[in-house]
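Have a look at the structure below before the remarks.
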Amino acid sequence: MSIKITFPDGAVREYDKGITALDIANKLSNSLGKKILSAKINNKVCDATLPINDDATLELLTWNENDGKQTFWHSSAHLLAEALESLYTGVKFGIGPPIDNGFYYDVDFGDNVVSANDLVKIEKKMKDLAAQKSEYKRQEISKADAIQYFTEKGDEYKLELLDGLNDGEITFYTQGNFTDLCRGPHIPNTGFIKSIKLMKIAGAYWRGDEKRKQLTRIYGVTFPNQQELDDYLLMLEEAEKRDHRKLGQQLQIYTFDEEVGPGLPLWLPNGGFLIEKIEELAKKTEDEAGYSRVRTPHIAKEALYLRSGHLPYYAESMFPPMELDNVKYYLKAMNCPHHHKIFGAIPKSYKDLPIRLAEYGTCYRYEDSGSLFGLMRVRSLQMNDAHIYCTKEQFEQEFRAVNEMYLKYFKIFGIEKYKMRLSKHEPSKLGQKYINEPELWIETEKMVRDVLISSNIPFDEVPDEAAFYGPKIDIQIYSVIGREFTLATNQVDFAQGRRFNLKYVNKENQEDYPIIIHRAPLSTHERFIGFLLEHYAGNFPLWLTPKQVAILPISDKFLDFSTQIANELKANGFRITLDERAEKIGKKIRDAELMKIPYMLVIGEKEVENQQISVRKHGKGDIGTFTIQDFNLLLQKELEN
RNA sequence: GCCGAUAUAGCUCAGUGGUAGAGCACUUCCUUGGUAAGGAAGAGGUCAUGGGUUCAAGUCCCAUUAUUGGCUCCA
């Protein structure tokens with residue numbers, strides 16, 4: 001009997017029934033047989049060794065396909081487990097999935113003590129096992145037999161996983177002496193795994209639940225050859241150079257001090273400058289968009305946060321209150337309640353709406369000590385905050401305008417790698433994590449979705465990520481070391497208007513509650529500048545960079561002319577620094593390059609003679625001689641872009 | 001908050017139980033040098049903090065603080 005196999009390019013070939021993707025790959029070419037990791041049969045990723053018994057579509061998956069990589073790393077996780085089981089007695093296994101860059105396995109080591117020092121030893125064992133080229137053998141097994149196997153082995157984690165599986169859908173995979181509960185698929189044999197690096201060891205809660213036991217998670221990455229591993233490690237090293245914590249120190253942007261406190265950054269003059277510039281941009285943009293600026297205190301009485309509903313939902317993230325004259329005061333963790341009070345201070349008519357209140361508000365949040373991270377996760381932060389109060393009819397237009405403002409900013413900063421996420425509520429948590437208004441949730445989530453779709457903005461929908469008062473759009477970005485953060489957020493609030501008794505009089509002379517939009521397109525200064533440092537790798541654009549031009553006299557004989565140039569550029573509004581040190585020009589250039597100053601002017605005898613300047617561009621080198629007028633123009637032109 | 005690692009000069013780091021080191025930065029002097037580090041001298045540390053073990057602790061142990069890799073959390 002023969003079957004018809006359809007390939008991705010549309011070609012159809014006939015094979016004997018029961019043939020495997022691996023056989024087909026081998027028939028097609030020897031080298032392909034050595035590269036095939038798994039196969040997509042009728043669009044489902046399967047073992048390359050799975051017999052195909054009916055007509056099917058077939059895609060052979062190699063290292064070049066993401067699904068192939070995932071198979072490879074999944075099998076690598078099993079290899080890690082095999083190594084661990086052979087090295088340590090009494091090891092129990094949780095889960096071991098592939099991830100974006102490699103894989104991990106969560107392990108209960110029992111009485112064994114395993115630390116980062118042991119990774120080399122484990123790695124070596126994995127290499128030995130890989131060299132044995134053990135096949136990954138699939139076996140369908142009844143639930144009863146599976147339970148018996150893991151009961152005998154004493155692995156309560158696998159038993160718990162089995163609990164959630166049905167008879168008939170349970171498979172084991174065995175390679176060498178190691179058998180694991182796994183739905184697969186896997187690569188043909190361990191010999192495909194040529195280079196192995198165990199990256200880190202860390203604690204991880206079983207099933208992600210902090211109330212349950214913490215297992216030991218070992219992260220690793222593997223490749224089909226050594227070169228790819230070397231390239232990957234080099235890439236990581238390069239990424240580390242862009243880390244905002246490193247650049248923040250190098251470029252003197254911010255610092256922490258133990259006596260000031262964890263998560264409380266001190267902005268150095270260069271960082272202070274960046275803040276000024278970003279606020280300047282925000283104020284201009286918000287002025288043009290019809291926002292009004294307000295100012296609010298950094299603390300408020302408990303009553304305010306009881307009214308807003310923040311206290312029951314959010315108390316753990318606030319600094320503990322200070323008590324004065326029997327009244328509790330809190331440092332503000334968000335600006336909205338204050339802004340709501342401003343809205344409510346003066347009676348409103350529909351003719352006043354929309355009202356847009358903006359403030360670069362300073363907030364304090366008591367973040368878990370373990371989650372603090374450079375500038376990206378801090379305890380004192382200043383938010384590009386604003387609240388828009390509008391009618392239901394105005395909502396769509398206002399929400400759309402906010403989204404457009406986001407996109408405008410992203411264009412200015414060249415932000416292209418981000419994910420827009422529609423964060424929705426989780427119905428089962430109504431009344432706990434979310435305000436108990438089931439219809440309003442559905443209605444506003446639909447409103448937000450409609451705006452996004454009609455604006456042609458791609459987005460993902462994610463349940464259980466909403467604010468307690470309404471759905472939101474989050475813009476997710478990644479730090480250079482791969483951590484995900486919400487950069488900006490645009491939230492709908494159908495609840496707080498009522499809570500704060502914010503009313504306006506509508507056309508029919510009846511009182512109504514406004515819908516509120518909370519928005520922070522430029523995030524907080526802390527997270528945004530942290531992000532920008534990594535985004536630009538410290539090379540800020542000319543308009544934003546604290547110092548635009550470094551003037552470097554070749555010797556102090558040329559200080560007069562250099563000062564004259566400096567004054568002229570300053571008079572034209574440029575930010576310059578004059579290096580008066582008695583250092584050689586090479587040294588001055590090196591230091592200016594390290595500080596990533598966009599332009600360097602080298603001034604010596606020739607320049608004084610010709611009344612010109614030699615210009616060097618950061619990262620590019622000498623770009624020639626300019627008159628001062630021409631250099632002015634060059635800068636002006638770059639600023640206009 | 002939880003599991004692990006780390007903490008030595010402003011920065012990067014060496015120092016495996018016997019009285020503290022390097023490079024860069026800083027100060028002074030010499031050098032006036034043409035596109036990524038000129039030379040010399042000097043100053044700078046209660047080895048994060050507090051306990052403990054020891055004849056002796058930067059070094060070993062414990063706690064605390066901070067940083068850090070993850071997990072959890074994240075309006």
Side-chain angles (χ1 to χ4, degrees), chain A residues 104 106 109 113-117 199-219 243 245-246 249-250 252 255-263 308-310 313-314 316-318 333-337 363 365-374 376-378 381 383 385 423 433-434 465-470 472 474 481-486 489 491 493 496 518 520 527 552-559 581-595 600-607 614-624:
Chain A
Y104 65 78
D106 282 350
F109 276 109
V113 179
V114 179
S115 76
N117 299 330
M199 304 297 291
K200 47 201 169 198
I201 183 163
Y205 300 109
W206 170 234
R207 307 212 117 176
D209 184 344
E210 63 178 323
K211 289 182 191 73
R212 306 198 62 180
K213 184 162 181 174
Q214 195 159 58
L215 307 180
T216 304
R217 176 172 296 179
I218 296 181
Y219 284 91
D243 191 311
R245 293 167 296 182
K246 203 163 204 146
Q249 178 182 282
Q250 202 180 314
Q252 299 175 11
T255 188
F256 287 105
D257 184 283
E258 198 168 328
E259 286 187 2
V260 174
S308 70
H310 281 104
Y313 290 96
Y314 199 58
E316 281 191 359
S317 294
M318 295 177 76
M334 63 294 297
N335 303 301
C336 27
C363 301
R365 296 182 180 175
Y366 191 74
E367 301 286 358
D368 280 348
S369 59
S371 64
L372 299 176
F373 177 70
M376 301 282 209
R377 197 79 186 281
V378 290
L381 45 109
M383 217 188 301
D385 213 353
S423 299
K433 190 174 170 187
Y434 303 112
E465 287 288 343
F468 78 85
Y469 45 63
K472 55 179 181 160
D474 291 323
I481 64 165
R483 272 203 220 173
E484 181 174 344
F485 289 96
T486 299
T489 171
Q491 312 177 348
D493 178 351
Q496 297 226 52
H518 305 234
R527 190 168 288 182
L552 314 176
I554 292 211
S555 86
D556 55 14
K557 285 188 221 151
F558 315 110
L559 263 178
R581 296 175 303 167
E583 293 289 351
K584 286 191 157 182
I585 191 66
K587 171 74 169 160
K588 292 183 181 181
I589 286 170
R590 178 180 157 80
D591 288 345
E593 289 280 359
L594 287 175
M595 286 306 281
M600 288 147 276
L601 306 183
V602 175
I603 291 171
E605 200 172 346
K606 276 188 296 187
E607 287 73 18
S614 291
V615 181
R616 185 187 161 96
K617 194 164 182 175
H618 169 63
K620 289 226 167 71
D622 198 343
I623 59 167

Minimum-distance nucleotide (side-chain atoms of [X] versus [options]):
X	options	value
A:Arg217	B:U35, B:G70, B:A75	B:G70
A:Asp368	B:U72, B:U35, B:G38	B:U72
A:Glu607	B:G34, B:A36, B:U67	B:G34
A:Lys557	B:G70, B:U67, B:G33	B:G33
A:Glu258	B:C71, B:G33, B:A66	B:A66
A:Gln249	B:A37, B:G33, B:C11	B:C11
A:Ala204	B:A75, B:C71, B:U32	B:C71
A:Tyr219	B:G70, B:G33, B:G34	B:G70

Identify whether any heavy atom of [X] sits under 4.0 Å from a base atom; if not, whether one sits that close to sugar-phosphate; answer base, sugar-phosphate or nothing.
X	answer
A:Ala202	base
A:Arg207	nothing
A:Gly624	nothing
A:Gly586	sugar-phosphate
A:Ile585	sugar-phosphate
A:Ser115	nothing
A:Lys211	nothing
A:His310	base
A:Ser614	base
A:Glu593	base
A:Gly370	base
A:Ala582	base
A:Arg245	sugar-phosphate

Phosphate contact ([N] OP1 or OP2) by [X] side-chain N/O below 4.0 Å:
X	N	answer
A:Arg483	B:G69	yes
A:Arg590	B:U35	no
A:Lys472	B:A75	yes

Query raised in the report: What about A:Phe485 and A:Phe373, are their ring centers closer than 6.0 Å?
Result: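 Between A:Phe485 and A:Phe373, the centre distance is under 6.0 Å.
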Query raised in the report: Within 45° of the axis and under 6.0 Å from the centre of the six-membered ring of A:Tyr104, does NZ or CZ of A:Arg217 qualify?
Result: yes
Report task. Would you check if there is a donor-acceptor pair between the side chains of A:Asp474 and A:Ser423 at a distance under 3.5 Å? Result -> yes
**Report entry** A:Lys588 bridged to A:Glu583 by N-O distance under 4.0 Å
**Finding:**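 Salt bridge: no.
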Query - Lys/Arg N to Asp/Glu carboxylate O, A:Arg616 vs A:Glu593, below 4.0 Å - result: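 The answer is yes: the pair qualifies as a salt bridge.
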Return the value, rounded to whole Å, for the distance between atom [atom1] of [X] and atom [atom2] of [N].
X	N	atom1	atom2	answer
A:Glu583	B:C30	CD	P	14 Å
A:Gln214	B:C3	CD	C1'	4 Å
A:Phe373	B:C73	CZ	P	18 Å

Query - Side-chain donor or acceptor of A:Glu607 paired with backbone N/O of A:Gly604 under 3.5 Å - result: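 Yes; judged by distance alone, with no hydrogens or angles, the pair exists.
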Query raised in the report: Could one point to a donor on the side chain of A:Arg377 or the base of B:C74 with an acceptor on the other under 3.5 Å away?
Result: yes
